[in-house]
Amino acid sequence: MSQFVTLDEIRAAQRRIAGTAMRTPLYRVSRARLRMARAPEPAFDLYIKAESEQPIGSFKLRGAYNMMSQLTHDALRHGVITYSSGNHGQGVAYAARALGAKAVIVVPENAPAVKKAATRELGAEIVEVGPASSERRAKAEELAAKCGYTIVPPYDDPAIIAGQGTCGLEIIEQLPGVDIVIAPVSGGGLLGGVAAAVKQAAPHVKVWGAEPALAADAKESFETKTLVEWPADKTTRTIGDGLRTQSLGTLNFEHVVRYVDGIAAVEEEEILAAMRVMLATTTLTPEPSGAVSLAAALFHSAELPKASKVAVVLSGGNLEPGLKTELDRAIVTGNG
């Protein structure tokens with residue numbers, strides 16, 4: 001029997017993470033600025049949920065702290081381990097520091113340097129492996145068995161899903177009348193949690209996922225209602241380094257099928273264009289993985305139901321400095 005996360009569990013997570021994870025702001029995007037940036041102007045009012053303003057620059061702190069704060073003293077004393085392309089590792093490292101526990105993070109060798117550096121600065125030990133998400137998980141399980149660490153999964157766990165769901169609950173509280181919420185999807189912790197929260201709190205609101213077309217395993221799984229896995233050499237093609245997971249988690253898949261209304265697959269140039277739009281029209285800094293939801297709203301609005309208010313989740317802002325420089329230059333030279 002599947003364990004679907006309840007609204008009460010998400011509300012309990014909201015209370016639990018208060019004071020550690022931020023209640024992030026929801027910003028309305030100016031239509032005038034969209035026109036000035038020569039961006040597509042949607043028929044709906046557009047809002048951005050700025051998870052980039054979390055202490056670690058992404059939503060991942062919500063789930064990590066919600067799970068880890070419920071561990072026993074003995075488990076915390078032995079330490080925790082996780083496998084992550086970057087942001088979840090920072091979430092676990094931050095939560096471990098707050099709870100006085102050792103953290104070990106298994107990351108792919110091609111993870112952005114900015115994310116690895118931030119994780120180290122939080123006091124975590126980093127172990128690097130190959131690019132496949134399956135390699136990261138296998139190494140974490142090996143070390144957990146050897147050293148007695150508790151694994152903090154990046155997405156496939158009820159406490160993680162409930163923690164990420166607090167983001168969706170906040171959107172419902174912050175934006176009365178919201179019609180559609182769009183969240184990035186990779187392993188499905190964020191989308192599954194947001195959808196569970198939104199659909200149980202406000203069943204009329206539509207929830208959509210967004211992911212790169214080059215790593216669209218979640219869209220295939222959703223549309224076929226069968227959990228599929230893509231090979232790493234396919235999912236690693238996308239610029240969205242946080243969305244290269246090869247499949248949805250098992251529990252996440254079940255939440256997505258039950259609560260999500262659709263998933264849009266966006267092209268690489270649409271991701272970059274959405275990043276340029278966000279940089280040009282707001283004070284927010286998006287990483288590629290975080291910008292897919294805006295890309296879906298701007299370039300795939302014809303796929304979405306009719307709406308007056310749409311909220312997109314900017315899941316993270318840990319952008320490599322070199323890429324930001326390139327995007328800023330494109331905006332200044334008018335190539336944005």
Side-chain angles (χ1 to χ4, degrees), residues 4-29 44-67 69 87-88 90-91 94-95 155 158-185 188-210 252 255-256 259-261 278 282-286 289-294 296-297 307-317:
F4 287 99
V5 172
T6 67
L7 188 58
D8 284 345
E9 288 171 328
I10 297 170
R11 286 179 170 144
Q14 189 176 45
R15 294 189 295 271
R16 196 174 289 119
I17 69 175
T20 300
M22 272 189 64
R23 180 184 175 90
T24 53
L26 190 70
Y27 297 111
R28 183 174 179 175
V29 180
F44 43 76
D45 290 336
L46 185 59
Y47 298 79
I48 298 175
K49 179 65 167 168
E51 288 298 288
S52 55
E53 296 189 8
Q54 290 289 357
I56 61 164
S58 86
F59 74 96
K60 288 287 193 176
L61 180 57
R62 295 176 182 270
Y65 191 82
N66 186 52
M67 178 183 174
S69 63
N87 284 341
H88 178 64
Q90 290 180 62
Y94 189 99
Y155 43 84
I160 299 292
I161 294 171
Q164 318 306 25
T166 60
C167 176
L169 198 55
E170 287 175 16
I171 292 172
I172 294 299
E173 293 166 352
Q174 292 168 316
L175 187 60
V178 61
D179 298 299
I180 305 174
V181 176
I182 307 175
V185 58
L190 178 63
L191 180 59
V194 165
V198 169
K199 287 296 188 178
Q200 292 179 81
H204 62 284
V205 178
K206 302 299 183 183
V207 181
W208 276 62
N252 312 93
H255 279 74
V256 166
Y259 292 119
V260 171
D261 296 291
M278 203 176 299
T282 75
T283 59
L284 301 170
T285 298
S289 303
V292 294
S293 50
L294 180 60
S308 297
K309 295 180 180 179
V310 174
V312 301
V313 179
L314 168 57
S315 57

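Only this structure's heavy atoms are used, side chains among them; waters, hydrogens and symmetry mates stay out.
- Between the CZ atom in R11 and the CG atom in L169 there is a gap of 6.0 Å [rounded to 0.5 Å].
- A donor and an acceptor atom, one from each side chain of Y94 and Q54, are nowhere located under 3.5 Å apart.
- By the 4.5 Å heavy-atom criterion applied to side chains, N252 and I160 are not counted as neighbours.
- Distance OG/S293 to CD1/I48: 8.0 Å, rounded to 0.5 Å.
- In this structure, A311 and L26 approach most closely via the heavy-atom pair CB-CD1, 4.4 Å.
- A donor-acceptor pair under 3.5 Å is formed between the side chain of D179 and the backbone N or O of K309.
- Minimum heavy-atom separation, I172 to A202: CD1-CB, 4.0 Å.
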(request) Check the pair I182, V292 against side-chain contact (heavy atoms from CB on, under 4.5 Å), reporting the backbone distance first and the verdict last. (result) CA-CA 9 Å; I182 307 175; V292 294; over 6 Å; no
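- Considering every non-hydrogen atom in both V312 and A297, the closest pair reads CG1-CB, 3.8 Å.
- Distance alone, capped at 3.5 Å, places no donor-acceptor pair between the Q14 side chain and the T166 backbone.
- If you run side chain to side chain contact (heavy atoms under 4.5 Å, CB included) between K199 and each of K206, H204, H255, only K206 comes through.
- A pairwise comparison of heavy atoms in S289 and S315 identifies O-OG, 3.9 Å as the closest pair.
- Contact of the L314 side chain with the E53 side chain is not registered, since no non-hydrogen atoms from C-beta on lie closer than 4.5 Å.
- You'll find the side chain of E51 reaches within 4.5 Å of the side chain of C167, heavy atoms only.
- Nearest heavy atoms, V5 versus A162: CG1-CB, 3.7 Å.
- To the nearest 0.5 angstrom, L61 atom CG is 9.0 Å from Q164 atom CD.
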(request) Give the intermediate values and the outcome of side-chain contact (heavy atoms from CB on, under 4.5 Å) for residues V198 and I171. (result) CA-CA 8 Å; V198 169; I171 292 172; 5.7 Å; no
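- In this structure, the side chains of L294 and P286 stay at 4.5 Å or more apart for every pair of heavy atoms.
- Between I180 and V178, the closest heavy-atom pair is O-CG2, 3.5 Å.
- Using a 4.5 Å cut-off on side-chain heavy atoms (C-beta onward), T285 and S52 make no contact.
- Between the side chain of Q90 and the backbone N or O of K60 there is no donor-acceptor pair closer than 3.5 Å.
- Taking the side chain as every heavy atom from C-beta outward, V207 and L191 approach each other to under 4.5 Å.
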(message) Let's go through L175 and Y47 carefully: what are the C-alpha distance in whole Å and the side-chain angles of both, what is the deciding distance for side-chain contact (heavy atoms from CB on, under 4.5 Å) to 0.1 Å, and is it a yes or a no?
(response) CA-CA 9 Å; L175 187 60; Y47 298 79; 3.7 Å; yes
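- The side-chain heavy atoms of T282 and Y27, taken from C-beta on, include no pair separated by under 4.5 Å.
- To the nearest 0.5 Å, the span separating CD1 on I161 from CZ on R62 amounts to 15.5 Å.
- In this structure the side chain of Y259 reaches within 4.5 angstrom of the side chain of Q200, judged on heavy atoms.
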